[in-house]
Amino acid sequence: MFSGLVITGQTVAFFLIALFLIACGVMLLSMKKVIYMAISIGGVFIGAAAIYILLEADFLAFAQVLVYAGAITIMLLFAIMLTKHEEMERPAVLTAHPVWATIGTAGLGLIVLWVVKFSNIKWPQATPDSPFQGQDNVKLIGEALFSQYVIPFELVSVVLIVALVGAITLANKEEKK
Amino acid sequence: MMLSVEQFLTLGAILFCIGLFGALTKRNIIIVLVSVELMLTAVNINLLTFARYGLTPSINGQIFTLFVMTIAAAEVAVGLAILIALYRNRNTSDVRDQDLMKW
């Protein structure tokens with residue numbers, strides 16, 4: 001895995017961010033209080049934004065911070081406070097269900113890791129020069145979005161507005177008759 | 001030698017498995033929703049990896065990530081609205097009690 005890996009700022013940053021991401025993910029699984037779980041997912045979203053910057057997707061990194069770490073995490077915290085905000089995750093009873101979930105997840109993980117690492121698939125080699133060199137990321141996304149992807153863009157905005165109006169209708173308290 | 005595709009794909013696989021395990025075993029609906037978001041984030045990392053390091057690097061992977069983020073935001077809004085409506089009617093936020101559509 002580490003053959004030919006030269007220690008540069010980029011690789012050090014990648015491994016630190018990856019460690020942070022996985023630590024936040026494990027915290028999400030292992031915390032007792034539900035509210036701490038929702039806070040640790042905020043750490044995962046910020047770490048993912050850092051990974052996006054390493055992958056030269058600046059616009060998406062900032063969108064990730066705004067949409068996920070800002071809006072969605074706050075919305076989750078509000079939902080937790082509106083329901084049972086002191087709730088603890090009950091200690092797991094050893095039934096067949098978590099055992100099968102563990103076996104299935106570990107199996108899927110091993111298969112994917114085998115495909116990525118050991119199956120001799122020739123993944124495209126990383127080129128040192130960026131394909132987006134000298135170009136404005138926001139401008140590239142905007143041009144693609146409003147020329148090639150204009151119909152999906154319009155459809156996705158319709159989906160978003162319908163989903164949000166539907167959410168308001170669902171959560172609205174029914175009037176007493 | 002720089003970072004390669006494999007390292008990003010491995011990170012995505014680990015995050016996806018954490019999210020899948022959470023979605024399958026956690027009892028609180030909000031945490032199940034969060035785990036689904038985690039899986040979507042892992043997929044986004046893979047899409048951006050192939051947009052940057054793929055065989056033909058292009059902007060399309062980033063556009064797809066943008067769409068995934070939009071749909072994920074809509075999904076969370078609808079999911080939380082359903083959760084609040086169910087909590088009002090049944091006074092619980094445990095997935096195992098939500099069996100309205102079970103036959």
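The sequence lines fix the lettering, A, B, ..., with proteins before strands; numbering per chain opens at 1.
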*Indicate the atoms forming the closest heavy-atom contact of A/A79 with B/L83, along with that distance.*
CB-CD2, 4.2 Å
*Which bit of B/I84 comes within less than 4.5 Å of chain A, counting heavy atoms only: side chain, backbone, both or neither?*
side chain
*Audit row: B/F16, A/L108, side chain to side chain contact (heavy atoms under 4.5 Å, CB included) steps and yes/no*: CA-CA 10 Å; B/F16 189 87; A/L108 177 75; 3.8 Å; yes
*Looking at CG of B/L80 and CG of A/L170, how far apart are the two atoms once the value is rounded to the nearest 0.5 Å?*
11.5 Å
_chain A interface, residue from B/T49, B/T41, B/I59, B/L24 that has the most non-hydrogen pairs under 4.5 Å_ = B/I59
*Contact part of A/T102 toward chain B, heavy-atom cut-off under 4.5 Å: side chain, backbone, both or neither?*
both
*asked:* Using 0.5 Å steps for rounding, measure from the CG atom of A/L55 to the CD1 atom of B/I45.
replied: 8.0 Å
*Heavy-atom pair with the smallest gap, counting every atom of A/I141 and B/I63*: O-CD1, 3.7 Å
*A/I53-B/F50 co-clustered via ILVMFWY side chain contacts under 4.5 Å*: no
_Cluster check A/V138, A/F146: I/L/V/M/F/W/Y, side chain < 4.5 angstrom_ = yes
*Based on non-hydrogen pairs under 4.5 Å, which of A/G109, A/P152, A/A48 is most in contact with chain B?*
A/P152
*asked:* At a heavy-atom distance under 4.5 Å, which candidate from A/V156, A/V115, A/V112, A/T169 has the highest pair count against chain B?
replied: A/V156
*asked:* To the nearest 0.5 Å, what is the distance between CG on A/L113 and CD1 on B/I14?
replied: 6.5 Å
*So which heavy atom on B/A81 is nearest to which on A/A167, and how close?*
CB-O, 3.2 Å
*Heavy-atom closest contact (B/L38 atom, A/L28 atom, distance)*: CD2-CD2, 3.8 Å
*Is the number of heavy atoms from other residues, nucleotides or ligands within 6.0 Å of CZ (B/F64) greater than 12?*
no
_Check for me, please, whether B/M39 and B/V68 land in the same ILVMFWY cluster - side-chain distances under 4.5 Å, paths through other members count._
yes
*Considering all heavy atoms, the nearest A/T105-B/C17 contact*: CG2-O, 3.2 Å
*Is there side-chain contact between B/L9 and A/W123, with heavy atoms separated by less than 4.5 Å?*
yes
*Please report the shortest heavy-atom distance between B/L11 and A/A18, naming the atom on each side.*
CD1-CB, 3.8 Å
_Within this structure, what is the CG-CE distance for the pair B/N28 and A/M37, rounded to the nearest 0.5 Å?_
7.5 Å
*So how far is it from B/I29 CD1 to A/I80 CD1, rounded to the nearest 0.5 Å?*
12.0 Å
*Counting heavy-atom pairs under 4.5 Å to chain B, which of A/I161, A/L54, A/V116 comes out on top?*
A/V116
*Gap between atom CD1 of B/I18 and atom CG of A/L21 - 0.5 Å precision*: 9.0 Å
Under 3.5 Å donor-acceptor pairs involving side-chain atoms of residues 58-77 of chain A, not counting sequence neighbours:
from  : atom 1 : to    : atom 2 : distance (Å)
A/Q64 : OE1    : A/Y52 : OH     : 3.4
A/Q64 : NE2    : A/F45 : O      : 3.4
A/T73 : OG1    : A/Y68 : O      : 3.0

*Checking A/V44 against chain B: side chain, backbone, both or neither under 4.5 Å from a heavy atom?*
side chain
*Against chain B, work out which of A/L145, A/I121, A/V162, A/V159 has the most heavy-atom pairs shorter than 4.5 Å and name it.*
A/L145
_Joint hydrophobic cluster, B/L33 plus A/L164, side-chain heavy atoms closer than 4.5 Å_ = no
*Considering only heavy atoms, which portion of B/Y87 lies under 4.5 Å from any heavy atom of chain A: side chain, backbone, both, or neither?*
side chain
*asked:* By the side chain to side chain donor-acceptor pair (under 3.5 Å) test, which pairs, at least two apart or in different chains, include something from residues 60-79 of chain B?
replied: A/N137-B/Q62, A/Y149-B/N60
_Shared hydrophobic cluster for B/V76 and A/F78 (ILVMFWY, side-chain gaps under 4.5 Å)_ = no
*Part of A/L29 lying under 4.5 Å from any heavy atom of chain B*: both
*Which word best sums up how the rings of A/F14 and B/F8 line up, parallel for under 30°, tilted for 30 to 60°, or perpendicular for over 60°?*
perpendicular
*Who wins among B/L86, B/L15, B/N44 for the most heavy-atom pairs under 4.5 Å with chain A?*
B/N44
